[in-house]
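Only one structure is covered here, and it is reproduced in the block below.
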Amino acid sequence: MKNKNMTRYAAFVAAALVAAISGAGAQQGVQPERRITAISDDATRSVVIEQLTLAKESGLPAGAMEPLMAKAMEGVAKKATSKSIRSAMDALQKRLRKANDLLAPSPTVDELSAGADALYVGVPERTLKQMRQAAPRRSIAVELGVLTELVARSVPPAKASKMVLDLMARGATGAQLTAMNTAVQSDVAAGLTPEAALDRHGRGIMSLLPPPSAVTGANHR
Amino acid sequence: MIDDTAERDELIQRVARSLSPLPPNDTHARARILAAVRARAAHAPKPWSVVFDWMRQPAFSVASAGLLAAAALAIGFVTRGALSTLDMQPNAIASSAPATNVTAIPASNAPAAVRAVPVPITFDAPGAKNVAIVSDFNDWDSTAAPLTRFGSNGPWTATVNVMPGRHLYAFMVDGKLVVDPRAPHAHDLDYGTDASVLMVNTP
């Protein structure tokens, strides 16, 4: 009798999955539309719609509309002109497309956004690809965020990329990477060069971690 | 002997006097603790545990589950049909329903393992009437995450749910954007206005 019945939980999950899959297209499209209504300026609203339509037509995944929409609303909050908003959205769209390719096969919204931000500050494209290869089955949004901050604080991109990739290979946690970033910033504020500060704190964390071969499985989860 | 006792009493009284004033009140610490407590309370799983207990019970036959799946399929397609009729044209947008408040939790297709993290926020603005946090995680919407004043003249506080990663934010203080003086700043080349940086770890 037990085999013939399924739990309410299993039935609920199955129903939710079916509903989600069949309605997914609609859900992804409706949220930006609601937010567009909050834009009072006609010219800005037209620009936002135009840019979102272009992004959709260019084949960007539906999730990429989230950061694009946020960029538009940031411009609205900062009282930017419609021309500035168009320019910012266009540039972000290009970075998102690039990030989508580099973080393939299925980056999350947060990874796409973080990847685009990393490219914005000058992180090499190759690094994004290597980071995805180092952790193909888990989100690397935190790692990308730390790398972006390091480069934004004038750590040379190649040096910052190597350190983050080395730490990822050894299984450093997001908390360890964030702590390293905070420590680097403190040292830079105290007068140390960004490069020296990264070297100091990166090596410090490295010394606490096991060799790369021992953590391959963890990154692939 | 009497002198010794009097001296000792005097000494005890002096020690007691020096210890009796309380240390200065750290309003930020109190605000942070209260915000963290509120965040934890907000994430208490009690109502859900009742639902999950109900769902764990074997009650559906395969046939009834099939019916449920069919109903879900129908709901999904009806929803898709209804919502896809919304056209992304300026006139259609302008005439549709007014905007609703945007939640501080962003829509995301992130893996199930990655969840939004409650982050306590505090900000000093003694003379302000309204303070809100605006960020990429709430579409820079000043109605999405308002802060409340702690006490009559204390710091403004809120707890926002944020996905792990790097986020840019600012405070909207009485309609004016203000960066957080206690956080690192990021230069914004797009709009020429700096923002503050918030790093959120995976829980």
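Order of the sequence lines fixes the chain letters, A, B, ..., with proteins taken first and strands second; residue numbering starts at 1 for each chain. Just the heavy atoms: all of them, side chains too, but no hydrogens, waters or symmetry mates, feed the values below.
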- Message: With a 3.5 Å distance limit and no angle check, can you tell me whether B:Tyr191 reaches the backbone of A:Lys79 through a side-chain donor-acceptor pair?
- Response: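 Between the backbone of A:Lys79 and the side chain of B:Tyr191 there is no qualifying donor-acceptor contact (under 3.5 Å).
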Quick one: which of [options] has the most heavy-atom pairs under 4.5 Å with chain B, could you say?
options	value
A:Glu50, A:Gln185, A:Lys71	A:Lys71
A:Ala88, A:Ser113, A:Pro61, A:Ser87	A:Ala88
A:Gly174, A:Pro67, A:Ala152, A:Gly75	A:Gly75

Once rounded to the nearest 0.5 Å, what's the spacing between atom [atom1] of [X] and atom [atom2] of [Y]?
X	Y	atom1	atom2	value
B:Ser135	A:Met73	OG	CE	13.5 Å
A:Leu177	B:Thr202	CG	OG1	9.5 Å
B:Arg166	A:Thr148	CZ	OG1	5.5 Å

- Task: Evaluate the side-chain proximity of B:Val197 to A:Arg153: yes if any heavy-atom separation is below 4.5 Å, no if none is.
- Result: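 Yes, their side chains come closer than 4.5 Å.
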Please state whether the side chain, the backbone, both or neither of [X] comes within less than 4.5 Å of a heavy atom of chain B.
X	answer
A:Ala114	neither
A:Asp117	side chain
A:Val121	neither

- Query: With sequence neighbours excluded, what pairs up with B:Phe171 under the ring-ring contact (aromatic ring centres under 6.0 Å, His included) test?
  - Reply: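 For B:Phe171, the residues satisfying ring-ring contact (aromatic ring centres under 6.0 Å, His included) (neighbours in sequence not counted) are B:Phe123, B:Tyr169.
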- Output all residues satisfying salt bridge (Lys or Arg N to Asp or Glu O under 4.0 Å) with A:Arg95, sequence neighbours left out; order by chain, then residue number.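 Salt bridge (Lys or Arg N to Asp or Glu O under 4.0 Å) list for A:Arg95, sorted by chain: empty.
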- Short N-O contact, B:Asp188 and A:Lys78, less than 4.0 angstrom: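 Salt bridge flag = yes for A:Lys78 with B:Asp188.
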- Task: Count the heavy-atom pairs under 4.5 Å between each of B:Leu168, B:Thr193, B:Val200, B:Val134 and chain A, then report the option with the highest count.
- Result: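 With the most close heavy-atom pairs to chain A, the winner is B:Thr193.
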